[in-house]
Amino acid sequence: MLPPTIKRQQHPPKKEKTRSVTYRLPVKLVEEIETEAMNHNISHNVMARQILEKYIQWDRFANKIGMIPVPKKLLDSLGIEMTPDEINEVINVIKPVIKDTVLFIKGKYDLKRCIETLEDYMRASGMKSDHRIEGETHHFIIQHELGSNWSIFTEQLLQELFKEFLPNSQMKCQTTESTVIASIPLGGDFSEHEY
């Protein structure tokens, strides 16, 4: 359990207006959704909603922005050999891609939309992440499980992104081979979901 002074960043409220709809789907597809829902101990309605939300938040944009699935094992093996110069080169290549992606998906490029898009990407790719607030400080926790060079890459990329929007702020990081915790003062009322 988190200490009382740390709270988790709330994502958009789940109590939304709903509407019932009916779709005609192949029996095999329905059975697969029901089986998957049972394996996750949720209703097939919740499973279908999660599938549709993932599509709306990320998958519908993936092809348009040139995303392709890459096996985790491949990224893991590429990361082992990366030098500091190669890490910097990858960051220089990926920064404009992130900007274009945020502009395309969110319609504007700012810190809140950038963080939200990165969270959407991590959720879609299966990476674990969390956002916790302690007073004025926000802790962004990313568990990539890809090795120490990818931790260095993640830390440097976050440094670059925060420096772009908040040039005078000091981000602090804690890293392991599989996890990065980036801490930065953004204010107690900062929410990447409100813009």
Side-chain angles (χ1 to χ4, degrees), residues 2 6-11 54 57-59 61-62 65-106 108-187 190-193 195:
L2 294 173
I6 298 177
K7 63 180 182 172
R8 289 191 174 192
Q9 173 65 37
Q10 297 298 314
H11 292 277
K54 182 177 178 281
Q57 291 171 350
W58 188 260
D59 292 346
F61 301 111
I65 60 175
M67 296 295 288
I68 58 171
V70 176
K72 189 173 183 177
K73 199 86 165 149
L74 177 62
L75 288 176
D76 191 24
S77 65
L78 289 173
I80 291 170
E81 301 296 322
M82 277 197 303
T83 66
D85 286 342
E86 290 170 331
I87 291 171
N88 289 332
E89 189 176 323
V90 172
I91 288 170
N92 289 333
V93 168
I94 203 151
K95 276 178 47 185
V97 171
I98 290 171
K99 185 172 185 175
D100 287 342
T101 300
V102 173
L103 282 167
F104 185 78
I105 294 174
K106 303 296 181 183
K108 190 175 177 185
Y109 184 67
D110 58 31
L111 180 60
K112 290 181 177 187
R113 287 172 177 87
C114 192
I115 291 171
E116 187 176 61
T117 302
L118 290 172
E119 287 175 342
D120 291 345
Y121 168 75
M122 286 183 284
R123 196 170 20 263
S125 64
M127 274 188 238
K128 298 175 193 120
S129 68
D130 199 10
H131 178 179
R132 299 177 189 171
I133 305 167
E134 184 177 14
E136 300 289 307
T137 303
H138 291 247
H139 306 282
F140 297 93
I141 303 158
I142 300 165
Q143 194 169 46
H144 55 78
E145 299 176 352
L146 290 168
S148 58
N149 279 339
W150 286 112
S151 286
I152 293 167
F153 165 82
T154 302
E155 178 181 346
Q156 287 182 218
L157 179 63
L158 291 173
Q159 287 277 9
E160 290 285 325
L161 290 173
F162 282 117
K163 192 184 334 172
E164 179 179 355
F165 295 108
L166 304 168
N168 298 323
S169 288
Q170 294 296 315
M171 184 185 87
K172 296 178 183 169
C173 272
Q174 299 174 56
T175 62
T176 68
E177 285 198 7
S178 61
T179 305
V180 175
I181 302 175
S183 301
I184 187 165
L186 296 174
F190 176 90
S191 172
E192 66 272 24
H193 307 295
Y195 46 84

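Everything numeric here is computed off the predicted structure, so don't read it as measured data. Numbers here are sequence positions counted from 1.
The minimum heavy-atom distance between K72 and E145, with the atom names listed, is NZ-OE1, 3.5 Å. Heavy atoms only, all atoms of each residue included: M171 and E155 are closest at CE-O, 3.7 Å. Of all heavy-atom pairs between W150 and L75, the closest is NE1-O, 2.7 Å. The shortest non-hydrogen separation linking I184 to L166 is CD1-CD1, 4.3 Å. In terms of heavy atoms, I91 sits closest to L157 at CD1-N, 3.8 Å. The nearest pair of heavy atoms linking H144 to T154 is CD2-OG1, 4.2 Å.
A salt bridge links D120 to R123: one of the charged nitrogens lies within less than 4.0 Å of a carboxylate oxygen.
The side chain to side chain donor-acceptor pair (under 3.5 Å) test with S183 singles out one residue from H139, K172, E134, and that residue is H139.
Side chain of S151 to main chain of V180: no donor-acceptor pair is present (N/O by atom type, distance under 3.5 Å, no hydrogens or angles).
Two residues are said to be in side-chain contact when any heavy atoms from C-beta on lie closer than 4.5 Å; I94 and F153 meet this criterion. Taking the side chain as every heavy atom from C-beta outward, K108 and Y195 never approach each other to under 4.5 Å.
Within 6.0 Å of the CZ atom in F162, the count of heavy atoms belonging to other residues, nucleotides or ligands exceeds 12. More than 12 heavy atoms of other residues, nucleotides or ligands lie within 6.0 Å of CD in E164, so this atom counts as buried by the packing criterion. Heavy-atom neighbours of Q174 CD from other residues, nucleotides or ligands within 6.0 Å: at or below the threshold of 12.
Atom SG of C173 and atom CD1 of I142 lie 8.5 Å apart (nearest 0.5 Å). To the nearest 0.5 Å, atoms CE (M67) and OG1 (T101) are separated by 7.0 Å. Interatomic distance, I181 CD1 to Q143 CD, rounded to the nearest 0.5 Å: 9.5 Å. Distance check: H131 NE2 to E119 CD gives 7.0 Å after rounding to the nearest 0.5 Å. Atom CD1 of I98 sits about 5.5 Å away from atom CG of L118, to the nearest 0.5 Å. Interatomic distance, NE2 of H193 versus CD1 of I115, reported as 9.0 Å (0.5 Å rounding).
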query = side-chain contact (heavy atoms from CB on, under 4.5 Å) between L111 and F190: does it pass, once the steps are laid out?
reply = CA-CA 10 Å; L111 180 60; F190 176 90; 4.1 Å; yes
From CA spacing to verdict: side-chain contact (heavy atoms from CB on, under 4.5 Å), I141, T179 = CA-CA 7 Å; I141 303 158; T179 305; 4.2 Å; yes
W58/T117 under side-chain contact (heavy atoms from CB on, under 4.5 Å): CA gap, chis, key distance, verdict = CA-CA 9 Å; W58 188 260; T117 302; 4.0 Å; yes
Begin from the C-alpha positions of D85 and E89 and carry the test side-chain contact (heavy atoms from CB on, under 4.5 Å) through to its verdict. CA-CA 6 Å; D85 286 342; E89 189 176 323; over 6 Å; no
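The aromatic rings of H138 and F140 sit parallel to each other, their planes meeting at less than 30°, with 60° as the upper class boundary. Taking the six-membered ring where the residue is Trp, F104 and F61 present perpendicular rings, their angle passing 60° and hence far from 30°.
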